[in-house]
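Remarks on the structure that follows.
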Amino acid sequence: PGGADAATARRDAEAVGCWDETWLHVDVNMPQPPGHFMALAGAAGPHGAPLAAHTLRWNLTEPLPFGDSAFDDVYSEHALEHLPPRDVVGFLAEAWRVLRAGGTLRLSTPDLAKFAVAYVDRATDRRFLDERSALFPPRDCPWEAQLLGGGASAAAVVNGVMRNGHTFIWDVESLGFALEAGGVPRSAIHVDSFRSAYLPPALRTADMPIREHESLYLRILKPRLDE
């Protein structure tokens, strides 16, 4: 948004920038008007100890209100699926721009591959579907819980992740292509895992356990200037 919100965001951005070690946490503000999201700018001290956090409201379809190389790390968990794909490419380009050389861009979203495999294997293995429906009950077919004695059909679970505010469900390949379209070299993109030991401490602890079973994880490393 423009006006006072933009001025406040830039003032907060300057406040965040006064710390020696900073990371940007981008998340979705639910419920949100179309296209409006919450960018959480946080500062992390040595070994990931939090020092301060400045919360600002920003539209992620617009350029981020930070200078080039403003952050040591950038983190986004389960936000990209709420943006149209074309806007995701723009946001990823911005995230890469504000990331310092040697920094980490951490991304996670629902993994289309996991949902597709769970649907195909529904007759022999319902563990993924049952875990997902227990954590996030599908909203579209409320009668199923009564008829099934709890839970939901495979179709309801898979449709649920593709609705309810989500615009596009990514897999590793498609998100990799979006990163490349945003100017990130393919050599910088690494498939990762939940709370990977390769992550900086602040980013590692940010991964939410409730999301582990359904997510893909990418770790994108911006080359150092001497590399």
Side-chain angles (χ1 to χ4, degrees), residues 21-28 35 37 39-42 44 48 58-118 120 161-162 166-208 211-227:
E21 299 183 52
T22 58
W23 62 291
L24 178 68
H25 182 172
V26 179
D27 203 353
V28 176
F37 300 86
L40 304 179
W58 195 253
N59 185 338
L60 294 185
T61 65
E62 298 179 359
L64 294 176
F66 308 109
D68 295 352
S69 305
F71 295 96
D72 291 328
D73 302 296
V74 178
Y75 179 93
S76 177
E77 181 180 52
H78 283 244
L80 300 184
E81 64 271 22
H82 295 271
L83 282 167
R86 289 183 181 274
D87 292 328
V88 168
V89 171
F91 166 72
L92 294 174
E94 281 294 286
W96 189 246
R97 178 184 66 79
V98 303
L99 182 65
R100 291 173 185 158
T104 299
L105 169 60
R106 170 62 155 187
L107 301 175
S108 74
T109 75
D111 187 350
L112 177 61
K114 290 183 177 180
F115 283 86
V117 169
V120 170
V161 77
M162 297 181 179
H166 294 172
T167 65
F168 192 90
I169 305 302
W170 301 88
D171 63 6
V172 168
E173 180 184 44
S174 61
L175 191 51
F177 287 147
L179 283 159
E180 288 192 87
V184 178
R186 177 156 288 274
S187 60
I189 305 169
H190 304 272
V191 177
D192 207 15
S193 59
F194 174 75
R195 293 190 175 177
S196 164
Y198 294 102
L199 293 172
L203 303 191
R204 189 183 312 146
T205 57
D207 283 350
M208 295 178 61
R211 297 294 192 183
E212 178 182 6
H213 76 288
E214 65 172 354
S215 299
L216 66 84
Y217 296 94
L218 294 182
R219 175 172 45 91
I220 301 97
L221 305 179
K222 193 165 190 177
R224 298 183 183 276
L225 296 178
D226 57 357
E227 293 180 346

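Just the heavy atoms: all of them, side chains too, but no hydrogens, waters or symmetry mates, feed the values below.
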Any side-chain heavy atom of [X] sitting closer than 4.5 Å to one from [Y]?
X: R100; Y: F71; value: no
X: V74; Y: W23; value: no
X: F91; Y: V26; value: yes
X: W170; Y: L80; value: yes
X: W96; Y: K222; value: yes
X: F177; Y: R186; value: yes
X: D111; Y: I169; value: no
X: E212; Y: Y217; value: yes

Keeping [X] on the side-chain end and [Y] on the backbone end, is there a donor-acceptor pair under 3.5 Å?
X: E77; Y: T109; answer: no
X: T104; Y: L221; answer: no
X: S215; Y: R211; answer: yes
X: R204; Y: S196; answer: yes
X: E94; Y: P63; answer: no
X: R219; Y: R106; answer: no
X: R97; Y: L92; answer: no

Worksheet entry | Steps toward side-chain contact (heavy atoms from CB on, under 4.5 Å) verdict (L199, T205) | CA-CA 9 Å; L199 293 172; T205 57; over 6 Å; no
Can you give me the closest heavy-atom contact between [X] and [Y], atom names plus distance?
X: P110; Y: V161; answer: CB-CG2, 3.9 Å
X: P200; Y: D73; answer: CG-OD1, 3.7 Å
X: L105; Y: L99; answer: N-CD2, 3.9 Å
X: S76; Y: A79; answer: OG-CB, 3.5 Å
X: P223; Y: A101; answer: O-CB, 3.4 Å

Discussion item. Any salt bridge linking D207 with R195? Criterion: basic side-chain nitrogen under 4.0 Å from a carboxylate oxygen.
Written reply: no
Worksheet item: Salt bridge check: are E214 and K114 linked by an N-O gap of less than 4.0 Å?
Response: no
How many angstroms lie between [atom1] in [X] and [atom2] in [Y], if you round to the nearest 0.5 Å?
X: L24; Y: D72; atom1: CG; atom2: CG; result: 11.5 Å
X: L203; Y: Y198; atom1: CG; atom2: OH; result: 16.0 Å
X: E81; Y: S108; atom1: CD; atom2: OG; result: 8.0 Å
X: I189; Y: L175; atom1: CD1; atom2: CG; result: 8.0 Å

Practice prompt. Evaluate the side-chain contact (heavy atoms from CB on, under 4.5 Å) criterion for residues H82 and L60: first the C-alpha distance (whole Å), next the side-chain angles of each, then the deciding distance (0.1 Å), finally the verdict.
Written response: CA-CA 11 Å; H82 295 271; L60 294 185; over 6 Å; no
Practice prompt. Applying side-chain contact (heavy atoms from CB on, under 4.5 Å), name anything that partners V191, two or more places apart in sequence or on another chain.
Written response: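 Listed in chain order: V172, L218.
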